[in-house]
Amino acid sequence: MPIHNREIADLFTRLADLLEIDGASPYRVRAYRQASETIAGLSEALSDPSREEKDYSRLPGVGESIAEKIATIVDTGRLPQLEELEERLPADLSEMMQLSGLGPKRVKALHQDLGVDTLADLKRAVERHRVRELAGFGAKTEQTIGERLARWEGEEKRTRLLEAEDIVAPLLRYLESIDGVKRVTVAGSYRRRKPTVGDLDILVTARKGTPVMERFSAYDEVREVVSRGDTRSTVMLRSGMQVDLRLVPQVAYGAALHYFTGSRSHNIALRRIGVKKGLKINEYGVFRDDERIAGGNEDEVYDSVGLPYIEPELRENRGELEAAKEDRLPRLIEPGDIRGDLHAHTRASDGRDSLEDMAEAAAQRGYEYLAITDHSRRLTVASGLDEKRLAQQIEAIDRLNERLDGRIRVLKAIELDILEDGSLDLPDAVLDRLDLRVCSVHYKFDLSRKRQTERILRAMDNPRCNILAHPSGRLIGERDAYDLDLERVLEAAAERGCFLEVNAQPKRLDLDAAGCRLAKEARVRVAISTDAHSASNLAYMRFGVDQARRGWLQADEVINTRGLDDLLQLLRRD
DNA sequence: GCCGTTTTCGGCCCGACTGTTTTCAGTCG
């Protein structure tokens with residue numbers, strides 16, 4: 001079983017944690033953390049034997065020493081340096097550092113002076129009031145640790161974007177309603193549109209003397225005020241979401257927005273560029289010596305270092321700064337580029353609304369077309385369509401299109417199950433009557449990488465397979481992606497004229513950004529589709545567009561930005 | 001430990017907040 005990038009990254013994070021507790025050079029610790037982040041963000045598996053680039057030291061933040069360690073991990077699955085360290089320091093100390101308020105120094109003190117080696121030990125020590133005896137700790141610190149420890153269990157670490165939006169919307173309305181508040185913007189990973197967000201960073205500008213922090217603390221949903229200052233406060237909401245609010249001066253708004261949008265890795269790289277030009281970039285502005293030369297808006301910040309504006313979705317330090325420098329940033333797709341939806345269900349299978357309602361809702365959105373893709377017969381739990389029922393639906397759609405009189409075109413389609421042997425679960429004859437066919441894996445997720453990949457390649461061999469839906473099968477926070485050689489799938493898709501889906505369901509977002517980027521490199525175009533199970537679900541489209549943007553995709557790389565005639569042309573595989 | 005048309009050595013982002021302190025260490029982002 002080849003080791004995943006995520007696991008390699010975790011080994012380096014644990015090494016960094018234990019080294020930090022051990023008192024190693026902070027720069028050495030940072031080097032391991034940086035390498036860990038780089039590895040976690042790679043789209044290509046380091047352990048893949050067919051990987052072309054074998055020289056790991058060419059990865060950013062990876063030098064000779066870490067490259068060697070990666071090679072050892074890929075070969076043996078082990079990191080000897082970490083194991084040596086774990087002989088002296090309990091491995092669980094690394095986990096303890098995850099608890100907010102506990103850093104390397106405190107964890108070390110707890111371990112050395114109290115023999116606290118695990119979270120369970122920590123809980124006992126807090127209960128027996130042993131923690132407050134330690135130098136540098138007090139009763140307040142002990143109590144805080146106890147409270148956070150109690151909440152630690154069972155609480156989801158990250159929140160999906162849709163749920164985050166549900167938390168953000170009323171909070172923004174509340175903040176904007178405060179008299180004197182001028183601007184309110186959510187920065188952080190929320191603005192970068194990551195599929196999940198850990199906490200919310202909100203920037204506010206306001207007239208002098210506006211009691212922003214008091215009012216923020218008094219928000220109805222606040223469960224705990226973690227900290228409160230004049231320019232920055234942190235609260236925990238009842239939903240479990242942590243929110244940081246920062247009051248920033250208007251003149252520094254762009255600099256602060258940039259700083260707090262991140263990613264941290266992007267910011268550090270940009271600061272480096274600034275330092276070389278004799279500039280200091282921080283959340284208050286861009287400074288030459290002590291003179292502020294920019295900072296009112298983000299354009300100025302980039303302009304000060306000679307770069308064009310970089311969209312938040314690209315700010316992950318994955319080549320966007322280099323691309324900006326060479327003036328080859330992609331012109332990212334926008335929601336308005338989308339001209340139709342190619343994956344939607346009706347009451348005929350497991351959707352909630354009728355064919356007519358779905359068509360009406362799509363027309364309301366200004367779409368030119370909507371593909372109705374109810375499930376096929378294998379998916380009995382979703383009352384999948386057999387040949388006969390599909391034939392009836394084809395006729396129903398023909399009649400509906402006549403009534404719609406060109407307002408919108410409903411495409412005759414289906415979401416086919418890819419069976420275990422790679423065959424599709426309806427006969428070719430009825431499939432030939434459709435405008436397009438979306439193909440999905442809905443069961444047997446646990447096949448080996450080789451068999452799962454072959455299963456999908458086999459499905460794509462059928463010229464009726466147009467779009468491979470939710471290619472990784474992941475459900476965020478619920479189910480991991482199945483093991484699949486995505487690069488081989490993309491290669492095959494490119495050869496056969498198949499497309500891959502960017503499923504816009506907030507639970508799926510599949511392809512993810514890394515997958516989109518791989519598709520782009522493989523010159524495989526994608527369809528951004530909502531997989532709507534109700535008329536209101538059609539609104540999920542923007543979540544898919546977000547991920548496509550994070551994956552550097554342009555409108556011309558997405559097939560449902562095409563007009564109807566162009567699209568139908570593209571879908572012809574023979 | 002990484003990195004380099006200012007460097008192969010000497011830098012590495014830095015300010016806010018808390019709690020425990022009598023002037024600052026630890027943590028966070």
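Labels below follow one simple rule: chain letters A, B, ... track the order of the sequence lines, proteins then strands, and each chain is numbered from 1.
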Please report the distance, rounded to the nearest Å, between [atom1] in [X] and [atom2] in [N].
| X | N | atom1 | atom2 | answer |
| --- | --- | --- | --- | --- |
| A:Leu19 | B:dC2 | CG | P | 13 Å |
| A:Asp17 | B:dT27 | CG | P | 12 Å |
| A:Phe287 | B:dC13 | CZ | P | 18 Å |
| A:Ile273 | B:dC13 | CD1 | P | 13 Å |
| A:Arg33 | B:dC2 | CZ | P | 15 Å |
| A:Tyr284 | B:dC14 | OH | P | 13 Å |
| A:Glu37 | B:dG29 | CD | C1' | 12 Å |
| A:Leu99 | B:dG26 | CG | C1' | 15 Å |

Problem set entry | Parallel, tilted or perpendicular: ring planes of A:His258 versus A:Tyr302, cut at 30 and 60 degrees |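 Perpendicular: the ring planes of A:His258 and A:Tyr302 meet at over 60°.
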Look at all strands and tell whether [X] reaches a base, only sugar-phosphate, or nothing, counting heavy atoms closer than 4.0 Å.
| X | value |
| --- | --- |
| A:Asp230 | sugar-phosphate |
| A:Thr231 | sugar-phosphate |
| A:Val29 | nothing |
| A:Arg106 | sugar-phosphate |
| A:Leu102 | sugar-phosphate |
| A:Tyr259 | base |
| A:Leu270 | nothing |
| A:Ala139 | sugar-phosphate |

Can you tell me if [X] touches the phosphate of [N], counting only side-chain N or O atoms and a distance under 4.0 Å to OP1 or OP2?
| X | N | result |
| --- | --- | --- |
| A:Arg28 | B:dG1 | yes |
| A:Arg30 | B:dC13 | yes |
| A:Gln242 | B:dG29 | yes |
| A:Tyr27 | B:dG1 | no |
| A:Ser57 | B:dG1 | no |
| A:Thr141 | B:dT20 | yes |

Could you please name the option among [options] that lies closest to any side-chain atom of [X]?
| X | options | answer |
| --- | --- | --- |
| A:Asp199 | B:dG15, B:dG29, B:dG1 | B:dG29 |
| A:Arg264 | B:dC2, B:dC13, B:dG26 | B:dC13 |
| A:Arg228 | B:dT18, B:dT27, B:dG15 | B:dT18 |
| A:Tyr32 | B:dG1, B:dC13, B:dT20 | B:dG1 |

Exercise. Given that A:Ser65 and A:Ser233 both sit by DNA chain B, which one's nearest nucleotide is further toward the 5' end?
Worked result: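 Closest to the 5' end, via its nearest nucleotide, is A:Ser65.
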Exercise. Quick one: on DNA chain B, does A:Lys277 or A:Pro104 contact a more 5' nucleotide (nearest heavy atom)?
Worked result: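 The answer here is A:Lys277.
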Exercise. Are the side chain of A:Gln547 and the backbone N or O of A:Leu509 linked by a donor-acceptor pair below 3.5 Å?
Worked result: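 Not a single qualifying donor-acceptor pair exists.
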For this session: Verify, without hydrogens or angle tests, whether A:Asn267 (side chain) and A:Tyr259 (backbone) share a donor-acceptor contact under 3.5 angstrom.
Result: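 Yes, the answer is positive, given that a donor and an acceptor are paired below the 3.5 Å cut-off.
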Whole-angstrom distance between [N] and [M], as gauged at atom [atom1]:
| N | M | atom1 | result |
| --- | --- | --- | --- |
| B:dG15 | B:dG10 | P | 25 Å |
| B:dT22 | B:dC17 | P | 22 Å |
| B:dC3 | B:dT8 | C1' | 10 Å |
| B:dG19 | B:dC13 | P | 29 Å |
| B:dG26 | B:dT21 | P | 12 Å |
| B:dT27 | B:dT20 | P | 13 Å |
| B:dT23 | B:dC28 | P | 25 Å |
| B:dC9 | B:dC14 | C1' | 24 Å |

For this session: With syn defined as a glycosidic angle within 90° of 0 and anti as everything else, classify B:dT7.
Result: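 Chi for B:dT7 falls in the syn range.
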For this session: Identify the nucleotide, in any strand shown, that forms a Watson-Crick or G-U wobble pair with B:dC9, with both distances under 3.5 Å; if there is none, say none.
Result: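 Its partner is B:dG4.
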For this session: Mark yes or no: A:Arg33 above the aromatic ring of A:Phe12, with NZ or CZ under 6.0 Å from the six-membered ring centre and no more than 45 degrees from the axis.
Result: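 Relative to the ring axis of A:Phe12, which defines the angle, A:Arg33 lies outside at least one limit.
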Exercise. Between A:Arg106 and A:Phe137, is NZ or CZ placed under 6.0 angstrom from the six-membered ring centre and within 45° of the ring axis?
Worked result: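 Yes, a cation-pi geometry holds between A:Arg106 and A:Phe137.
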Problem set entry | Option passing salt bridge (Lys or Arg N to Asp or Glu O under 4.0 Å) with A:Arg193 (candidates A:Glu165, A:Glu311, A:Glu313) |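 Running salt bridge (Lys or Arg N to Asp or Glu O under 4.0 Å) over A:Glu165, A:Glu311, A:Glu313 with A:Arg193 returns exactly one hit, A:Glu165.
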Exercise. Are A:Asp10 and A:Arg6 ion-paired here, with the side-chain N under 4.0 Å from a carboxylate O?
Worked result: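 Yes.
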For this session: State whether A:Glu298 and A:Arg315 are salt-bridged, where the test is any N-O pair (Lys NZ or Arg NE/NH1/NH2 against Asp/Glu carboxylate O) under 4.0 Å.
Result: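 Yes, charged N to carboxylate O under 4.0 Å.
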